[in-house]
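We count residues from 1, following the sequence as given. Counting convention: from 1, in listed order, for ligands and their atoms alike.
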Amino acid sequence: MIWDCQRGVKTYKMKLLININAPCPCGSGKKYKKCCMKRDVDFKDFYLKRYRIRLKSQEDVEKIKEAGKIALGALDLVERHIRPGITTEFIDRLVHEFIVKHGAIPAPLNYKGFPKSVCVSVNDEICHGIPKDRILLEGDIVNVDVTPILDGYYADTSKTFCVGEVGDDALKIVNVARECLKRGISMVRPGNTIGDIGWAIQKYAESQGCSVVREFVGHGVGFEFHEPPQVPHYGKRGKGIVLIPGMVFTIEPMINLGGKEIRILEDNWTAVTKDGSLSAQFEQTILVTDKGYESLTPYEI
Ligand code: MF3
Ligand code: CO
Ligand code: CO
């Protein structure tokens, strides 16, 4: 990681390993080679001051990865237990106990008043579902979104599970959402932009006749639950902040089988599709590396 060259030295050059023809990270709109490549710019400081983005060091990344392993362990545990007849509250208990047993804290619990340790969103629920006594039925699709805090570091990841055998519509939306995450992640490399990620996701989702939720976006993560930048799952190629090594953010497309419009339930948390259509989501925490990306919550997509 380029930023580690700062340790123990007073003066240093920040060399960015990005394509010289990429848009300059300073946001000038010029090519990097015609702009900051010629100067000695401290991009760590620049990204903090201009965008409030806190780049992560190699040590920070290792800690986020450790939190990520706990999150993935919790998702595996849920996968082994998910079946018709269990309640969403049971999933909360499984995840809560697993996270605490591994020395971490569930970030959702009491976050802005959220009452449980994990978000569990069923069928037409898009995100932020509150675990309760709802019983899962054969054919349901269920997103489980896990965020442990380990030694102050956050990792954020989710999957949508199928309960028993599911119908064609359910299978379709789960597979489209999974492919959207895959295509979004594949855009992550230094010199690409945040807009490239959303563009790839939106293009695929809409090509399949599905829609992209606008109200909730990916986000910087690591030191806090939600940090800058925002990472929309729709957008234009080449627009937005230029990706540089050390950025850590989530990509977490919420994809609807019908329209993109949402509604918030009386509990003031649960987001559902306005037209009642199915919605699915997958989320990983992604690091921008010198060469491309590394998932800090890796699972096969
Ligand atoms: N984990 C969600 C995300 O991906 C945020 C949940 S906030 C909560 O950003 F309060 F609902 F837990
Ligand atoms: Co997130
Ligand atoms: Co999440």
Side-chain angles (χ1 to χ4, degrees), residues 53-54 56 64 67-75 78 88-89 91-96 98-100 104-122 125-132 142-150 153-161 177-178 180-181 184-185 188 194 197-198 201 212-234 247-255 262-272 279-287 293 295-299 301:
I53 292 172
R54 298 168 71 188
K56 274 69 179 177
I64 299 168
K69 282 181 195 155
I70 297 171
L72 293 176
L75 285 178
V78 171
T88 55
E89 213 153 38
I91 294 175
D92 181 69
R93 199 159 347 122
L94 284 175
V95 170
H96 180 93
F98 186 90
I99 288 176
V100 170
I105 300 164
L109 188 58
N110 300 320
Y111 176 77
K112 297 185 177 175
F114 192 81
K116 296 287 185 178
S117 297
V118 61
C119 295
V120 181
S121 308
V122 184
E125 295 174 355
I126 296 164
C127 63
H128 302 165
I130 303 174
K132 54 179 198 279
V142 186
N143 177 272
V144 179
D145 192 339
V146 179
T147 312
I149 315 168
L150 184 67
Y153 287 90
Y154 295 70
D156 191 6
T157 184
S158 86
K159 283 184 187 177
T160 300
F161 299 108
R178 189 189 286 112
C180 281
L181 175 59
I185 290 176
V188 177
I194 288 193
I197 299 170
I201 292 169
V212 177
V213 170
R214 305 297 205 265
E215 285 81 355
F216 305 100
V217 295
H219 50 89
V221 67
F223 300 131
E224 291 170 56
F225 204 163
H226 297 108
E227 303 172 21
Q230 295 197 3
V231 183
H233 305 109
Y234 56 91
M247 290 174 74
V248 174
F249 51 79
T250 72
I251 303 178
E252 50 179 299
M254 283 144 273
I255 308 298
I262 77 157
R263 185 164 69 81
I264 305 289
L265 297 186
E266 259 76 290
D267 63 17
N268 283 324
W269 277 103
T270 314
V272 299
S279 185
Q281 177 183 27
F282 291 83
E283 173 176 28
Q284 292 192 20
T285 293
I286 303 294
L287 165 72
Y293 70 88
S295 178
L296 307 182
T297 55
Y299 58 76
I301 306 174

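Protein atoms of type N/O/S that fall under 2.8 Å from the Co ion (ligand 3) number 4 in this view.
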Worked check of salt bridge (charged side-chain N to carboxylate O under 4.0 Å, His left out) between Arg263 and Glu215: CA-CA 10 Å; Arg263 185 164 69 81; Glu215 285 81 355; over 6 Å; no
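One side chain, Asp156 or His219, offers a donor N or O that lies under 3.5 Å from an acceptor on the other.
Taking only non-hydrogen atoms, the option from His128, Glu252, Lys112 nearest to atom 4 (O) of ligand 1 is Glu252.
Of all atoms in ligand 1, listed by their number and element, those nearer than 4.0 Å to a heavy atom of Glu283 are 4 (O). Interface atoms of ligand 1 facing Pro108, defined by a heavy-atom separation under 4.0 Å, are 12 (F). Near Asp156, with a cut-off below 4.0 Å to any heavy atom, the atoms of ligand 1 are 1 (N), 3 (C), 4 (O), 9 (O). Against a heavy-atom cut-off of under 4.0 Å, His226 is close to the following atoms of ligand 1: 3 (C), 5 (C), 9 (O). Taking every non-hydrogen atom of Cys119 and a distance limit under 4.0 Å, the qualifying atoms of ligand 1 come out as 6 (C), 8 (C), 11 (F), 12 (F). Using a 4.0 Å cut-off to heavy atoms of Thr147, the atoms of ligand 1 that qualify are 1 (N).
For residue His219, an N/O/S atom approaches the Co ion (ligand 2) to within less than 2.8 Å.
Of the N or O atoms in Tyr111, none lie within a sub-3.5 Å distance of an N or O in ligand 1.
Applying the side-chain contact (heavy atoms from CB on, under 4.5 Å) criterion to Leu94, with sequence neighbours excluded, gives Leu77, His81, Phe90.
Residue contact check for ligand 1: Phe216 places no non-hydrogen atom closer than 4.0 Å to it.
The aromatic ring centroids of His226 and Tyr111 lie less than 6.0 Å from each other.
A 6.0 Å sphere centred on OH of Tyr293 holds no more than 12 heavy atoms belonging to other residues, nucleotides or ligands.
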